[in-house]
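Before any comments, here is the structure.
All values below come from the heavy atoms of this structure, side chains included, with hydrogens, waters and symmetry mates left out. Whatever order the structure lists ligands and atoms in, that order sets their numbers, starting from 1.
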Amino acid sequence: MRFIKPCVLLFIAGTFFLLGYVYFSFFSERLNREMTIDEDQKGSRCTDVVSVTPWLAPIVWEGTFDPVLIDKIYKPMNLTIATTVFAVGKYVRFLQDFLETAEKHFMVGFHVRYYVFTDRPHDVPSVNLSQGRHLSVIQVPGSNRWQEISARRMEFIQTTIERQIRREADYIFCLDVDSKFHARWGSESLGRLVAVIHPGYYEQTRDRFPYERRPASTAYIPMDEGDYYYGGAMIGGFVEDVYTLTKVCRTRFEEDAGNSIEAAWQEESHLNRYLLDNKPSKVLSPEYLWQDFKAKTKEVKVIRFSGVIKNYAEVRPNV
Ligand code: UD2
């Protein structure tokens, strides 16, 4: 040791110090980076939900898309979005809130064409629509059975697409009227065939889904099959894809009627059967179909569209 000069010792010590510093900085940067990502995810909105289906379709939740970026992609396409809504009998009373809230939150900045199907055209409220948005009223017969009103939507949507909508729009959303929009429903929901997970069943296993379970119905789904339970309050997609869906569901509903059978949840049961065989290309989370009577759960950060509380006995023609 006596032979090692102090300057050499200083050099060796300096080298170790430098190496140690570089290693520590690198390591601590990695640690920090990992912590940032973890913190980010904790603060962000999508660590506790499934955001892709087993067939790799996105499931849209708050935090899975960038609204500014996605609008930048779709807005220059100059798209028109058709929106069908049925207000038959006393359900006409829900139109005003539906339309007013849609003007605030639904496809803002896009061309929207509302098609209001009703037996009471004179009771359709006059709502101020933004530029590029139009409303047409289509008269349909009333009925003394709510099941028939709800189910025949497939038939009327199919025939109106044939007659009119396919020339007037690119995408279509078919929605329940007894609902209000509460937050953005925008271009993130566009896709070839779009369905929504029913808020009542997203936490359930499929053996508890209220699919049609009687093999005699064309809507039958066996206990060990099924992906999600989709809500009948929303069907969306390219006009032609929704056309095929409505045509098939209508035909099957009529075939069942010919055999004196009505599926457990009318067109919703047929929709679920159809979507089992024809997988949606995009699935909307229950943010896009909530129900006012249901307490918000921790997964749902934003309620975008929700069914209002209604007195079934009072608004429906039958119980
Ligand atoms: C569920 C579905 C609904 C439909 C139904 C099964 C959800 C949240 N809702 O809702 O889409 O599949 O079960 O049949 O998934 N309507 C009228 N006048 C009437 C009755 C109904 O216009 O007298 C129309 C109206 O647009 C209404 C829709 O049909 O929003 C569905 O009827 P509903 O809301 O009474 O059915 P509901 O609440 O059981």
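- Under 4.0 angstrom from ligand 1, the non-hydrogen atoms of Asp178 come from both its backbone and its side chain.
- In this structure, a donor-acceptor pair under 3.5 Å is present between the side chains of Ser150 and Glu267.
- Using a 4.0 Å cut-off between charged nitrogen and carboxylate oxygen, Arg273 and Asp277 count as a salt-bridge pair.
- Near Ser150, meaning under 4.0 Å from any of its heavy atoms, are these atoms of ligand 1: 4 (C), 5 (C), 6 (C), 14 (O), 31 (C).
- The six-membered or imidazole ring of Tyr288 lies away from that of Phe305, with a centre-to-centre distance of 6.0 Å or more.
- The contact set between ligand 1 and Gly231, taken as ligand atoms under 4.0 Å from a residue heavy atom, comprises 15 (O).
- Each of the following atoms of ligand 1 lies closer than 4.0 Å to a heavy atom of Ala87: 22 (O).
- Residue contacts with ligand 1: Tyr312 is included, with a non-hydrogen atom under 4.0 Å away.
- Judged purely by distance below 3.5 Å, without hydrogens or angles, the side chains of Tyr220 and Arg214 never pair a donor atom with an acceptor atom.
- Annotation: Tyr228 is not in aromatic contact with Tyr202 [ring centroid separation under 6.0 Å not met].
- Checking only distances, Leu289 never comes within under 3.5 Å of ligand 1, N or O to N or O.
- Under a 4.0 Å criterion applied to the non-hydrogen atoms of Pro317, ligand 1 contributes the atoms 23 (O).
- When atom types are taken as modelled, the side chain of Lys310 and the backbone of Gly307 share no donor-acceptor pair closer than 3.5 angstrom.
- The option from Gln266, Gln147, His270, Arg153 that lies nearest to atom 31 (C) of ligand 1, judged by heavy atoms, is Arg153.
- Remark: ligand 1 atoms within the under-4.0 Å shell around heavy atoms of Val177 are 25 (C), 26 (O), 30 (O).
- Taking any N or O of Ile149, backbone or side chain, none lies under 3.5 Å from an N or O belonging to ligand 1.
- With ligand atoms numbered from 1 in the order given, ligand 1 contributes 15 (O) to contacts under 4.0 Å with heavy atoms of His198.
- Of the listed residues (Trp265, Tyr91, Tyr201), the one carrying the non-hydrogen atom nearest atom 20 (C) of ligand 1 is Tyr91.
- Protein heavy atom in closest approach to atom 1 (C) of ligand 1: Glu268 OE2, 4.2 Å.
- Looking at Phe86 next to ligand 1, an N or O pair under 3.5 Å apart turns up.
- Ring centroid separation for the pair Phe110 and Tyr74 does not come in under the 6.0 Å cut-off.
- For atom 18 (N) of ligand 1, the closest non-hydrogen atom of the protein is Val88 O, 2.9 Å.
- The closest heavy-atom contact to atom 36 (O) of ligand 1, among the options Arg316, Arg152, Glu267, comes from Arg316.
- The distance from the NE2 atom of His198 to the CD atom of Gln204 is 11.0 Å, given to the nearest 0.5 Å.
- The pair Glu100-Lys104 fails the salt-bridge criterion, with no side-chain N (NZ, NE, NH1 or NH2) lying under 4.0 Å from an Asp/Glu carboxylate O.
- Remark: among candidates Leu175, Val92, Asp176, the nearest residue to atom 10 (O) of ligand 1 is Asp176, based on non-hydrogen atoms.
- For ligand 1, the atoms lying closer than 4.0 Å to a non-hydrogen atom of Lys310 are 33 (P), 34 (O), 35 (O), 38 (O).
- When hydrogens are left out, the protein atom nearest atom 8 (C) of ligand 1 is Ala233 CB, 3.7 Å; that is the closest non-hydrogen contact.
- Listed by atom number, the atoms of ligand 1 under 4.0 Å from Gly232 heavy atoms are 11 (O), 12 (O), 15 (O).
- With Trp185 as the aromatic partner, Arg304 does not meet the cation-pi criteria of under 6.0 angstrom to the ring centre and within 45 degrees of the ring axis.
- A ring-centre distance under 6.0 Å is found for Tyr229 and Tyr211.
- For the pair Glu155 (side chain) and Arg153 (backbone), a donor-acceptor distance under 3.5 Å is absent.
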